[in-house]
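First listed ligand is number 1; within each ligand, the first listed atom is number 1.
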Amino acid sequence: MNHLALPSGTSVPTLGLGTWRMGESAASRRAEVAAIRLAIDLGYRLFDTAEMYGEGGAEEVLGQAVAEALRAGAVRRDELFIVSKVYPHNASRTGTAAACERSLQRLMLDHVDLYLLHWPGSHPLHDTVEAFERLRARGRIREWGVSNFDADDMAELWGLDGGTACATNQVYYSLAERGVEFDLLPRQRDRKVPLMAYSPLAQGELAAHPGLLSLAESIGVTPTQLALAWVLHQPGVIAIPKAVREAHLRENLAAATLKLGAAELAALDRLFPPPQRKTSLAMV
Ligand SMILES: NC(=O)c1ccc[n+]([C@@H]2O[C@H](COP(=O)([O-])OP(=O)(O)OC[C@H]3O[C@@H](n4cnc5c(N)ncnc54)[C@H](OP(=O)(O)O)[C@@H]3O)[C@@H](O)[C@H]2O)c1
């Protein structure tokens, strides 16, 4: 598994597992816990969740799987990198701390490794940053960052007192949505702030893209593996595909070792052209 460094120097794997749509129904909970348990056994170490997902249900699923893995001795806590997010409407100075405590309770953990503001909201950003810094001082979070911030939002953040401590910006980035390459991604690279790519498989839609399918066939991989390998090929990018099915978990892990050559990259650029102008940040 490749790793990259956050601005603090902390090393994180470039491939993680998303948990959106988990924890939404009691009927699927056991399978979701089992999927995350398997993911840990297979070598996944970074897990992304949010208080929003299943209104806390995804955090509970992740917490249960992590607790089982720790109990079984399958992994040590310090080998895992757990990411969660605060709702913008909770991201006031006091609300952020309270939301974080609720998340920690559901996760059954004493700290999260990275805590993100889910998207820009109406609470002043400096209040959220202050709350994050307090949580960090108290050891409840190790790092903080943001999500769904466009280039101008990042400029505002970096201009705040303490704003340059931001560890990452998690945004939609996939072959199907390359807008961030125009300015956001280069600016984050300049500042050595990794971009965390969510929905790197375009929520599974890329599996059925005809052009991608035939290119992938010619290389001997699946279209989703090609799509994921392409995201992971981008410098300074972490990808967090979500998968519950065992075959998907295994396929995605294998995609992290795929090396793409100039011919494949050029063919992908023809199928999914890079942006020629600024577009507003896409969100799913
Ligand atoms: N910050 C934000 O605002 C934000 C927004 C969206 C997402 N996220 C995070 O990013 C994560 C990933 O994004 P996402 O869940 O929207 O979409 P995604 O990862 O692009 O796609 C997930 C879908 O693709 C399927 N899939 C996974 N691996 C596959 C494979 N190898 N072949 C075929 N299909 C495959 C999954 O199926 P199975 O589950 O059935 O295996 C699932 O239906 C989320 O779970 C969440 O943690 C963050």
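For Q170 (side chain) and M196 (main-chain N/O), no donor-acceptor pair under 3.5 Å exists by modelled atom type. In this structure a side-chain-to-backbone donor-acceptor pair under 3.5 Å is present from K85 to T49. Under the 3.5 Å distance criterion, the side-chain polar atoms of E130 are left unmatched by any main-chain donor or acceptor of R93.
Among protein heavy atoms, the minimum distance from atom 32 (N) of ligand 1 is reached at T224 OG1, 3.0 Å. In terms of protein heavy-atom proximity, atom 10 (O) of ligand 1 is closest to Y198 CB, 3.2 Å. Protein heavy atom closest to atom 37 (O) of ligand 1, with residue, atom name and distance, is H248 ND1, 3.5 Å. Regarding atom 24 (O) of ligand 1, its nearest protein heavy-atom neighbour is G204 CA, 3.4 Å. What sits closest to atom 40 (O) of ligand 1 on the protein, heavy atoms only, is R245 NE, 2.9 Å. Protein heavy atom in closest approach to atom 14 (P) of ligand 1: S199 OG, 3.6 Å.
Heavy atoms of Y53 approach ligand 1 to within less than 4.0 angstrom.
No more than 12 heavy-atom neighbours from other residues, nucleotides or ligands sit within 6.0 angstrom of CD on Q105. Atom NZ of K278 has more than 12 heavy atoms from other residues, nucleotides or ligands within 6.0 Å. Within a 6.0 Å radius of CD in Q276, other residues, nucleotides and ligands contribute 12 heavy atoms or fewer.
Contact annotation for A243 and ligand 1: heavy atoms of both the backbone and the side chain come within less than 4.0 Å of the ligand. Counting heavy atoms under 4.0 Å from ligand 1, residue N252 touches it through the side chain alone. Counting heavy atoms under 4.0 Å from ligand 1, residue T49 does not touch it at all. At a heavy-atom distance under 4.0 Å, atoms from both the backbone and the side chain of D48 approach ligand 1. For I240, heavy-atom contacts with ligand 1 shorter than 4.0 Å involve the backbone as well as the side chain. Of the heavy atoms in A247, none comes closer than 4.0 Å to ligand 1. By the criterion of a heavy-atom distance under 4.0 Å, both the backbone and the side chain of K242 are placed next to ligand 1.
The ligand atoms of ligand 1 that sit less than 4.0 angstrom from a heavy atom of E251 are 30 (C), 31 (N), 32 (N). Using a 4.0 Å cut-off to heavy atoms of Q170, the atoms of ligand 1 that qualify are 1 (N), 2 (C), 4 (C), 8 (N), 9 (C), 48 (C). Distances below 4.0 Å separate heavy atoms of Q203 from the following atoms of ligand 1: 16 (O), 17 (O), 18 (P), 20 (O), 21 (O), 23 (C), 24 (O). Interface atoms of ligand 1 facing W20, defined by a heavy-atom separation under 4.0 Å, are 6 (C), 7 (C), 16 (O), 44 (C), 45 (O), 46 (C), 47 (O). Residue contact check: H118 has heavy atoms under 4.0 Å from atoms 1 (N), 2 (C), 3 (O) of ligand 1. Atoms of ligand 1 found under 4.0 Å from any heavy atom of V284 (numbered from 1 in listed order, with element): 5 (C), 6 (C). Heavy-atom contacts of P241 reach the following atoms of ligand 1: 19 (O) (cutoff under 4.0 Å). Applying the 4.0 Å criterion to heavy atoms of N148 picks out, from ligand 1, the atoms 1 (N), 2 (C), 3 (O).
By the 4.0 Å N-to-carboxylate-O rule, E60 lies close enough to R29 to be salt-bridged with it. Salt-bridge check for R142 with D78: failed, with every basic side-chain N at 4.0 Å or more from each acidic carboxylate O.
Hydrophobic cluster membership is shared by V193 and L160, with clusters built from Ile, Leu, Val, Met, Phe, Trp and Tyr side chains linked at under 4.5 angstrom.
Looking at heavy atoms from C-beta onward, V61 lies out of side-chain contact with T19 at the 4.5 angstrom threshold.
Donor-acceptor pairing under 3.5 Å is lacking for the side chains of E264 and W230.
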Identify all side-chain donor-acceptor contacts of residues 66-73 below 3.5 Å with residues at least two apart in sequence or on another chain.
residue : atom : partner : partner atom : Å
E68     : OE1  : R30     : NH2          : 3.3
E68     : OE2  : R30     : NH1          : 3.3

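Closest of all the heavy-atom pairs between L212 and A227 is CD2-CB, 4.1 Å.
Remark: ligand 1 and V244 share an N or O pair separated by less than 3.5 Å (distance only, no angle test). Inclusion of K85 in the set of residues having an N or O under 3.5 Å from an N or O of ligand 1 is not warranted. Between A207 and ligand 1, no pair of N/O atoms sits closer than 3.5 Å.
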Let's go through Y87 and E55 carefully: what are the C-alpha distance in whole Å and the side-chain angles of both, what is the deciding distance for side-chain hydrogen bond (donor to acceptor under 3.5 Å, both in side chains) to 0.1 Å, and is it a yes or a no? CA-CA 10 Å; Y87 263 129; E55 291 303 327; 2.4 Å; yes
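Taking the six-membered ring for Trp and thresholds of 30 and 60 degrees, Y115 and F132 have ring planes more than 60 degrees apart, a perpendicular arrangement.
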